[in-house]
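Here is the structure we will look at.
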Protein chains: 2
Amino acid sequence: MNVGEVAALAGVTVRTLHHYDRIGLLSPSGRTAAGYRQYAPADLDRLHQVLLYRELGFPLEEVATLLDAPDADPEAHLRRQHRLLRARLERTQAMVAAVEKEMEARSMGISLTPEERFEVFGEHDPAQYEAEVEERWGETDAYAQSKRKTAAYTKDDWVRIKAEGADIEARFAAAMTDGVPADSDRAMDVAEEHRQQICRNFYDCPAEMHAGLGRMYVEDERFTAHYEEIAPGLAQYVSTAVQANAARQG
Amino acid sequence: MNVGEVAALAGVTVRTLHHYDRIGLLSPSGRTAAGYRQYAPADLDRLHQVLLYRELGFPLEEVATLLDAPDADPEAHLRRQHRLLRARLERTQAMVAAVEKEMEARSMGISLTPEERFEVFGEHDPAQYEAEVEERWGETDAYAQSKRKTAAYTKDDWVRIKAEGADIEARFAAAMTDGVPADSDRAMDVAEEHRQQICRNFYDCPAEMHAGLGRMYVEDERFTAHYEEIAPGLAQYVSTAVQANAARQG
DNA sequence: TTGCAGCCTGACGCTACGTCAGGGTCAAGG
DNA sequence: CCTTGACCCTGACGTAGCGTCAGGCTGCAA
């Protein structure tokens with residue numbers, strides 16, 4: 001792909017790609033004889049990461065060091081981004097609440113103190129704060145998590161993990177063909193094992209996130225296809241069971 | 001207040017306040033004999049607005065024109081900010097979902113197409129997009145809303161509105177002293193009237209937002225005090241009724 | 001072969017500040 | 001009374017992340 005196509009796909013300008021090339025953040029892996037930039041799939045992967053980190057407020061130079069760190073696997077980046085995005089979510093929710101509070105205060109004739117009104121801004125700095133939280137919290141448990149996870153897996157580990165996954169899927173299918181409802185205890189128990197298997201082997205997956213995955217299994221054809229291949233109707237069954245289990249867990 | 005205090009309160013640097021002064025975005029309303037900047041409460045109000053708009057990605061120049069527009073009342077700004085913040089909330093949620101999707105895809109060995117992965121970035125530009133949505137959507141219904149709302153109220157309107165509010169509060173209090181549960185139909189009906197009165201007279205207040213207000217009535221002492229002054233226990237009563245009504249409405 | 005869209009490389013401009021430099025101000029303590 | 005350290009002032013220059021020409025080559029469709 002050439003610059004124009006990549007730019008259109010990623011929603012950035014050609015100039016931006018030129019810039020990333022010059023500063024060495026993202027250099028296309030090839031050029032045509034005429035000097036046209038040629039972007040390979042791997043370059044798109046990297047661009048994707050770059051844009052995520054940029055959106056999260058990281059300076060480009062830091063993005064480069066993050067992505068070029070030899071010991072950082074892709075999964076670790078995803079986990080980090082997930083954490084930071086949820087932090088942003090919380091912050092935005094707090095700001096929404098603050099604005100609502102002010103609207104209500106005005107309509108009731110109550111006036112807020114300056115401290116209250118600036119509460120949500122307190123010493124923030126959108127980028128640095130998130131990066132800081134990351135530094136102090138992220139790399140304690142999550143770094144350890146990252147280390148003992150996929151990066152360190154041997155072939156045997158992968159075989160075992162695949163087997164675990166297949167086992168759980170088979171038990172879902174068995175429950176379904178036995179006519180057990182998807183929101184029954186038996187199905188939910190399998191769902192809970194599914195969640196814990198994800199936690200053990202891949203990434204931290206709280207109930208809420210697991211419910212999101214459940215929804216995706218029926219909404220996204222790729223995941224639907226994965227389950228339908230095992231047994232027809234299994235995608236919907238697993239989806240329901242997973243969401244029911246999430247509701248049960250709280 | 002002098003620069004340092006304001007900076008600490010608002011979570012910005014002194015340099016930032018200097019900058020805002022020089023470009024005329026926020027000039028303190030006074031100076032000491034020695035030339036020290038003196039910020040009045042009104043200046044803090046303005047700073048608050050500036051920071052909100054800045055956070056939403058507006059360029060400072062545009063913030064200035066927005067805030068200096070003679071026909072824009074504070075309520076309109078709050079409504080606009082509320083809309084934009086919710087747009088950001090949705091976008092962030094979409095990004096969280098996208099990252100979760102990718103994590104799950106990796107753990108299941110499915111690989112996503114570039115289009116899917118850049119979906120969430122598509123033609124965005126964090127500031128402009130929000131500003132654009134604002135231009136096209138906001139100023140159609142909401143501008144009309146703004147116009148016929150508080151800005152145009154006469155003294156009589158205010159008297160009527162105050163009376164309406166007092167009436168609803170009295171009916172809440174009556175229901176409570178009658179021993180009617182806060183989640184009964186009677187109490188929820190009053191809550192619904194409360195919501196509709198806010199919509200008519202002040203700002204658009206969907207069920208979800210109303211529930212948020214309900215929570216605030218018991219969490220924030222200012223609002224609690226407002227209701228407790230009418231009758232002890234009324235804050236909790238109204239809060240419960242409002243949240244129950246929001247749940248009822250869906 | 002002739003457009004015209006798309007690509008290239010400088011190079012300068014712009015926003016929203018960060019960061020000194022050089023110098024007054026103010027309240028507390030010696 | 002005087003000094004000291006924290007705070008304030010005004011330039012002035014620097015920086016990040018591009019936007020925006022300018023001047024020129026490339027590629028493909030008519």
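Lettering follows sequence order; numbering is per chain, from 1. All figures in this text were calculated on a predicted structure; none of them were measured in a lab. Just so you know, these numbers use all the heavy atoms, side chains as well, and skip hydrogens, waters and symmetry mates.
A donor-acceptor contact under 3.5 angstrom links the side-chain atoms of B/Y36 to the base of C/dG24.
Residues B/T16 and A/V14 each lie close to DNA chain C; by heavy-atom proximity, the contact nearer the 5' end of the strand is made by A/V14. DNA chain D is contacted by both A/H19 and B/D21; B/D21 maps to the nucleotide lying nearer its 5′ end (nearest heavy atom per residue).
For A/R54 and D/dG17, the shortest distance from a side-chain N or O to OP1 or OP2 is not below 4.0 Å. Regarding contacts with the backbone of C/dA16, every side-chain N or O of B/Y20 stays at 4.0 angstrom or more from both OP1 and OP2. Between A/H18 and C/dC8 there is a side-chain N or O to OP1 or OP2 distance below 4.0 Å. Residue A/R31 has a polar side-chain atom (N or O) positioned under 4.0 Å from OP1 or OP2 of C/dT9. Dashed line: the shortest gap from a side-chain N or O of B/T13 to OP1 or OP2 of C/dC17 is not under 4.0 Å.
Between the CD atom in A/E5 and the CG atom in A/L9 there is a gap of 9.5 Å [rounded to 0.5 Å].
In this structure, CG of A/L25 is placed 11 Å from C1' of D/dG17, rounded to the nearest angstrom. Computed from coordinates, the A/L17 CG to C/dC7 C1' distance equals 13 Å when rounded to whole Å. Put simply, CD on A/E62 is 18 Å from P on D/dT15, counting in whole angstrom units. Computed from coordinates, the B/Q38 CD to D/dC9 C1' distance equals 13 Å when rounded to whole Å. A/N2 has its CG atom 13 Å from the C1' atom of D/dC28, to the nearest Å. Atom OH of B/Y39 is separated from atom P of D/dC7 by 17 Å (rounded to the nearest Å).
Within 6.0 Å of CD on B/Q196 lie more than 12 heavy atoms contributed by other residues, nucleotides or ligands.
Nucleic acid contact class of A/L60 (heavy atoms, under 4.0 Å, all strands): sugar-phosphate only. Residue-level contact check: B/T32 touches neither bases nor backbone, having no heavy atom under 4.0 Å from any strand.
Below 30°, between 30° and 60°, or above 60°: for B/Y217 and B/F223 the angle between ring planes is between 30° and 60°, a tilted geometry.
Donor-acceptor pairing under 3.5 Å is recorded for the side chains of A/Q243 and A/S239.
The A/R37 side chain lies nearest to C/dC8 when the options are C/dC8, C/dC17, D/dG17. Proximity note for A/R15 (side chain, C-beta onward) versus D/dA16, C/dA11, C/dT9: the nearest is C/dA11. Closest contact between the side chain of B/R22 and the listed nucleotides C/dT25, D/dC9, D/dG11 involves D/dG11. Checked against D/dT26, C/dT15, D/dG17, the side chain of B/E61 finds its nearest nucleotide in C/dT15. Side-chain proximity of B/V3 to D/dC8, C/dG18, D/dG19: nearest is D/dC8.
Although no hydrogens or angles enter the test, the distance criterion places no donor-acceptor pair under 3.5 Å between the side chain of A/D43 and the main chain of A/P28.
A salt bridge between B/D21 and B/R31 is present, with a side-chain N of the basic residue lying under 4.0 Å from a carboxylate O of the acidic one.
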